[in-house]
J.: 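Got a structure for you, questions after.
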Amino acid sequence: MRIKTIVAAITIIYGTTSPIMAQKTLAEATRGKFLFGVAVNMQQVKGVNPIESDLVAKEFSAIVAENCMKPQPIHPEENKYFWDDADKLVAFGEKNKQVVTGHCLMWHSQIGRWFFVGDSGKTVTPEVLKERMRQHIYEVVGRYKGRVKGWDVVNEAFEDDGTYRKSKFFQILGKDFIKYAFQFAHEADPNAELYYNDYNVEIPAKCDAIVQLVKELKTAGYRIDAVGSQAHMHMDSPTLDETENSFIKLKAAGVKILITEWDISILPSPYSGANISANFKYSKEMDPYRELVPDSVQMKWNKRVLDMFGLFLKYHDVIDRVTIWSLTDNVTWLNNFPIRGRKDYPVLFDRNNQRKSVVEDMIKLAKKH
Ligand code: 9MR
């Protein structure tokens, strides 16, 4: 009781930014504007590294599973589901009063081969695939009904040129597979928000295709709440203008926007997508910052983070959540993509689990908006 009184007095005198008070977090700084989330792995959920778990719990208002809710891990065989990890993750989020997002229901990648193969070893018929989708979505969404706020219902259905990706789903069911997925997800949890999620949404042709999809879904009466823009970025692309234009188009389409997988690679890239099958050969030139990041490069990265974050803040009326794709530079997927074994620095906490200096500037910027 006495401690509480002292804390209250300090807050009145100095405000929450007092050095003797706990540091403000990005989640606090962005409250009322958008959720500030992070993708988590199972070590963090299980507390294998308690410092990381603690950071996830304290610094973020939302979490999403980096892997454990994807079709393959959660549904490895036709009649076998693996719930342990996803159950723990959802409970972890609830314990920490965080909004939990489900990622992802239908994705051409990280899905068991069995999904598309029938008894005879032949590709399944459209009817069978549709029924498998229904069962999968009903089971997964149904299990976390009321506990997961929203689902990435379909992930990465478009190519960068705006044509449909020729995934197994598309080959077997045509573009209607998307409608079926949204329908089943809505039936399984009518209160859950439903999202379409993709990378390189800043490419005009791809953004236009997504807008067209949103229109088709809405016109046909399907629920779609938001488009997730993964926002895996590089030092020079996409530009601020390209990013803003994608926001303008999505906003006009009448959906919310989620920044779902934000990171900014500091490394040179031979490739600018997030298609995980892309892989290039290692070379020292492509891994220039093993020992340290030069100040000039770090300053450029910091500026890029602030410029983008400023843009997210500008559009906070339509952006509901900004999620960082992994907690620290240690655990980011970009250390192994699109070239294995590099040292990247794309997120907001460093390899010693410390906040990068740019975070304070982001917090200051959030206050101005
Ligand atoms: O970060 C994820 C990595 O650990 C996985 O190995 C990879 C393969 O499934 O998926 C990564 O997350 C992807 C996300 O689910 C969808 N958009 C692209 C992300 C980066 O590949």
Side-chain angles (χ1 to χ4, degrees), residues 37-46 48-49 52 56 60 62-76 82 85-86 89 100-113 115 140 148 150-160 165 167-169 178 181 195-203 206 210 226-234 238 246 257-265 267 269-280 321-342 344-349:
V38 63
V40 294
N41 62 35
M42 286 316 291
Q43 279 91 332
Q44 291 156 352
V45 170
K46 290 178 184 164
V48 176
N49 177 344
E52 284 183 33
V56 170
F60 299 92
I63 58 168
V64 60
E66 185 172 2
N67 284 301
C68 73
M69 284 180 154
K70 292 170 181 174
Q72 206 283 330
I74 212 165
H75 195 176
F82 176 72
D85 286 357
L89 185 136
V100 180
T101 301
H103 172 80
C104 48
L105 294 173
M106 290 291 120
W107 189 24
H108 64 277
S109 184
Q110 274 192 299
I111 182 160
R113 270 172 191 278
F115 217 96
V140 177
V148 163
W151 287 92
D152 292 338
V153 178
V154 174
N155 196 35
E156 303 173 5
F158 291 105
E159 301 284 357
D160 285 352
R165 183 188 293 280
S167 66
K168 282 278 177 199
F169 290 113
I178 299 179
Y195 319 129
Y196 174 78
N197 195 50
D198 215 325
Y199 62 83
N200 283 349
V201 173
E202 302 83 5
I203 295 178
K206 194 162 188 173
I210 294 169
V227 167
S229 175
Q230 293 183 8
H232 294 294
M233 297 180 168
H234 300 271
S246 69
I257 301 168
L258 308 170
I259 304 299
T260 50
E261 306 184 11
W262 193 34
D263 46 27
I264 304 183
S265 173
L267 296 177
S269 178
Y271 169 73
S272 70
N275 187 349
I276 52 148
S277 57
N279 212 296
F280 297 82
R321 170 167 52 91
V322 174
T323 291
I324 308 294
W325 202 247
S326 84
L327 180 67
T328 72
D329 289 344
N330 243 346
V331 294
T332 168
W333 70 296
L334 289 168
N335 290 326
N336 291 303
F337 178 90
I339 298 173
R340 294 199 70 78
R342 296 197 297 175
D344 206 342
Y345 302 78
V347 288
L348 300 176
F349 287 81

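Whatever order the structure lists them in is the order used to number ligands and atoms, beginning at 1.
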J.: Would you mind listing which atoms of ligand 1 come within a distance below 4.0 Å of any non-hydrogen atom of Gln110?
T.: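 Result: 8 (C), 9 (O), 10 (O).
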J.: In the protein, which heavy atom is nearest to atom 1 (O) of ligand 1, and how far is it?
T.: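 Closest protein heavy atom to atom 1 (O) of ligand 1: Glu66 OE2, 2.5 Å.
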J.: Does Val64 form a side chain to side chain contact (heavy atoms under 4.5 Å, CB included) with Thr260? I'd like the steps, not just the answer.
T.: CA-CA 9 Å; Val64 60; Thr260 50; over 6 Å; no
J.: Distance alone, cut at 3.5 Å: any donor-acceptor contact between the side chains of Thr323 and Arg321?
T.: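 Their side chains do contain a donor-acceptor pair, which is all the 3.5 Å distance test asks for.
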J.: Is the side chain of Lys206 donor-acceptor paired with the backbone N or O of Tyr199 at a distance under 3.5 Å, no angle test?
T.: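 Checked: pair present.
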J.: Would a distance-only check, ignoring hydrogens and angles, find a side-chain to backbone donor-acceptor pair under 3.5 Å from Asn155 to Leu105?
T.: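 Side chain of Asn155 to backbone of Leu105, a donor-acceptor pair under 3.5 Å: no, none is there.
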J.: Glu156 heavy atoms, cut-off 4.0 Å: which ligand 1 atoms fall inside?
T.: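 Those qualifying, in numeric order: 16 (C), 17 (N), 18 (C).
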J.: For the residue pair Trp325 and His232, categorise the inter-ring angle as parallel (less than 30°), tilted (30 to 60°) or perpendicular (more than 60°).
T.: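 Taking His232 first and then Trp325, their aromatic rings stand perpendicular (interplane angle over 60°).
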J.: Looking at Trp325, which atoms of ligand 1 are within less than 4.0 Å of one of its heavy atoms?
T.: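 Ligand 1 atoms under the 4.0 Å threshold to Trp325: 1 (O), 2 (C), 12 (O), 14 (C), 15 (O), 19 (C).
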J.: Check for a donor-acceptor pair, side chain of Asn335 on one end and backbone N or O of Asp344 on the other, with a separation under 3.5 Å.
T.: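 It does hold such a pair.
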J.: For atom 4 (O) of ligand 1, what is the nearest protein heavy atom, given as residue, atom name and distance?
T.: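 Going by distance alone, atom 4 (O) of ligand 1 is nearest to Asn67 ND2, 2.9 Å.
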J.: Name the option, out of Lys70, His232, Gln230, Gln72, that contains the heavy atom nearest to atom 10 (O) of ligand 1.
T.: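 Answer by nearest heavy atom: Lys70.
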J.: Got Glu261 and Asn197 here, is their nearest side-chain heavy-atom distance under 4.5 Å?
T.: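 Glu261 vs Asn197: side chains touch.
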J.: Can you find an N or O of His103 that's nearer than 3.5 Å to an N or O of ligand 1?
T.: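 It does: an N or O of His103 is found under 3.5 Å from an N or O of ligand 1.
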J.: So is there a nitrogen or oxygen of Trp107 less than 3.5 Å from a nitrogen or oxygen in ligand 1?
T.: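 No.
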J.: What are the atoms of ligand 1, with element, lying closer than 4.0 Å to any heavy atom of Asn155?
T.: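 Listed by number with element, the hits are 16 (C).
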J.: Just need the protein heavy atom nearest to atom 21 (O) of ligand 1, so name the residue and atom and give the distance.
T.: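 Here the nearest protein heavy atom works out to Ile276 CG2, 2.9 Å.
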J.: What's the verdict on side chain to side chain contact (heavy atoms under 4.5 Å, CB included) for Ile324 and Asp263, showing C-alpha distance, side-chain angles and the deciding distance?
T.: CA-CA 6 Å; Ile324 308 294; Asp263 46 27; 5.7 Å; no
J.: If you have a sec, work out which protein heavy atom is nearest atom 19 (C) of ligand 1 and how many Å separate them, to one decimal?
T.: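 Residue, atom and distance for the closest contact: Glu261 OE1, 3.3 Å.
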